[in-house]
Amino acid sequence: MLRLYDTRRRAIHPVRAPGRAVTMYVCGVTPYDTTHLGHARTFLTFDLLARILEATGHPVRYVQNVTDIDESILQRAARDNVGWRELGKREERAYLADMKRLRWRRPDVICHATQELPAMFTLVRALERRGAAYTLPRGVYFPVAAQPRYGELSGLSAAAMKRILVGQDDAKLEDPGRRDPRDFALWRFVDDGPTWPSPWGRGRPGWHLECSSMIRHHLGDQIDIHGGGADLIYPHHENEIAQSETASRKRPFSRTWAHVGAMRLGGKKMSKSDGNMVFVRDALNVTDPRALRLYLLDRHYRKPFDHDEASLDRARLRAAALGDALGRGRSGAVGRAGPAREALSALEDDLNVVRALKIVEWAAPRAEAAERAELRTVARIVGVI
RNA sequence: GGCGUCGUCGCCAAGUGGCAAGGCAAGGGUCUGCAAAACCCUCAUCGCGGGUUCGAUUCCCGCCGACGCCUCCA
């Protein structure tokens, strides 16, 4: 059985879903820019996670969102003088094409914020019934005080959060009448740009609301695995927990929280604001998809990963060598013992790809036909042959 | 301030309570008209100080240091 590190409990626990599919939700992209290696690493990590579960007989129901309405899309659309919907659709297509080239195990559902407004309203109504929403002139807010465990995921104290919020530019944009400076918008009343009618007035949804309501809509009140980049822990995932657990009165909202470490360039996290990104598209110009998968997955997913051209280049040789050693033959069921079993066990041990690949690379040139077939199975789970 | 990752050969990076993977670079060699490629060989007492132990790089405590995140962000 797969064992995974859970950010909330800060320990490794087995992923159990007896008699049903494992439910997994991963925070996706806001499509206004091209897919970079950080996106690819994160999504390939959950691709691998799903493949491991499925290969070991555990069906998976995987949902991922596309934030197709967001201030950043509106800004980019204005800058480039294109319609925000047009921009979003174009960038989403590009992103899906990039991921397809990486042989991404696509989510079973890819949902869009603009298509889920009814689900969002339902969630806000549920929060209202719990007394966990209040309306101010500039928006409907969630009172953080309604959630006694707020801060559990990130480990931040209330004082620490407030200290952080004081220095933020966005804090000035929030409604000054909030009961607590940590309270966040469920729905914003805005006049400019695209807006939607809601029971509270025209406006746009708060971005934390999107994920909570989509999860509830597509997967239910509680899920097995919630994933995303480590940069989303606070405030995004913390706020999701607050909304969802308050609305459903069920906890935990997600049994396991899996966060992928940052992809860095020059010692700094790749990010849109810093512009220090390496795009998947460009990487695929100098290497091939299997090699890029090998490169991105051959570092433990929770660790930060410094992009290194030399390593990327080497990955091509490694993938080619594995291809030569394992050939194109059939996959074989992994037996109870032997290198393929050891490699598969490594994958099940909090996705230890490094150990698994090392075993496969060592065993592949030495293996007989039957064993090679087993090794192919593991190599194909990782997607490197 | 908090959360987190990490300090292992010149560089990247695994790993283990008992001789420290691998890759790149470097040096030597085989081969070659010279070279390239290929192949072979060589190359580390694991940040500092305590503790536990027969024995710690590996476990515990403290320290020093690096970096990231906490702002939209995967």
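Residue numbering restarts at 1 for every chain, and letters A, B, ... go by the order of the sequence lines. Below, each value reflects all heavy atoms present in this structure, side chains not excepted, and no hydrogens, waters or symmetry copies.
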Report task. Classify the nucleic acid contact of Gly261(A) as base, sugar-phosphate or nothing, counting any heavy atom under 4.0 Å across all strands shown. Result -> base
Query raised in the report: Which part of the nucleic acid does Arg10(A) contact within heavy-atom distance under 4.0 Å: base, sugar-phosphate only, or nothing?
Result: sugar-phosphate
Report task. With heavy atoms under 4.0 Å as the rule, sort Ser311(A) into base, sugar-phosphate or nothing. Result -> sugar-phosphate
Query raised in the report: For the residue pair Phe184(A) and His208(A), does the interplanar ring angle fall in the parallel (under 30°), tilted (30 to 60°) or perpendicular (over 60°) class?
Result: perpendicular
**Report entry** Watson-Crick or G-U wobble partner of U53(B), both distances under 3.5 Å
**Finding:** none
Requested in this report: Check whether the ring centres of Phe46(A) and His226(A) lie less than 6.0 Å apart, and answer yes or no.
Outcome: no
Query raised in the report: Using purine N1 to pyrimidine N3 plus N6-O4 or O6-N4 for Watson-Crick, or N1-O2 and O6-N3 for G-U wobble, each under 3.5 Å, what pairs with A21(B)?
Result: none
**Report entry** Sugar-phosphate only, base, or nothing, as touched by His259(A) at under 4.0 Å among non-hydrogen atoms
**Finding:** nothing
**Report entry** Watson-Crick or G-U wobble partner of U32(B), both distances under 3.5 Å
**Finding:** none
Query raised in the report: Should U71(B) form a Watson-Crick or G-U wobble pair with both distances under 3.5 Å, which nucleotide is its partner?
Result: none
Report summary line: Scanning all shown strands, the Watson-Crick or wobble mate of G65(B) with both distances under 3.5 Å is C6(B)
Query raised in the report: Are the ring centres of His36(A) and Phe279(A) closer than 6.0 Å?
Result: no
Query raised in the report: When all nucleic acid strands are considered with a 4.0 Å heavy-atom cut-off, which category describes Lys303(A): base, sugar-phosphate, or nothing?
Result: sugar-phosphate
Requested in this report: Under a 3.5 Å limit for both distances, which nucleotide forms a Watson-Crick or G-U wobble pair with C46(B), could you say?
Outcome: none
Report task. May I ask you to say what Gly155(A) touches in the nucleic acid, namely base, sugar-phosphate or nothing, with a heavy-atom cut-off under 4.0 Å? Result -> sugar-phosphate
Report task. Please tell me if the side chains of Ser213(A) and Thr122(A) come closer than 4.5 Å, counting only heavy atoms from C-beta onward. Result -> no
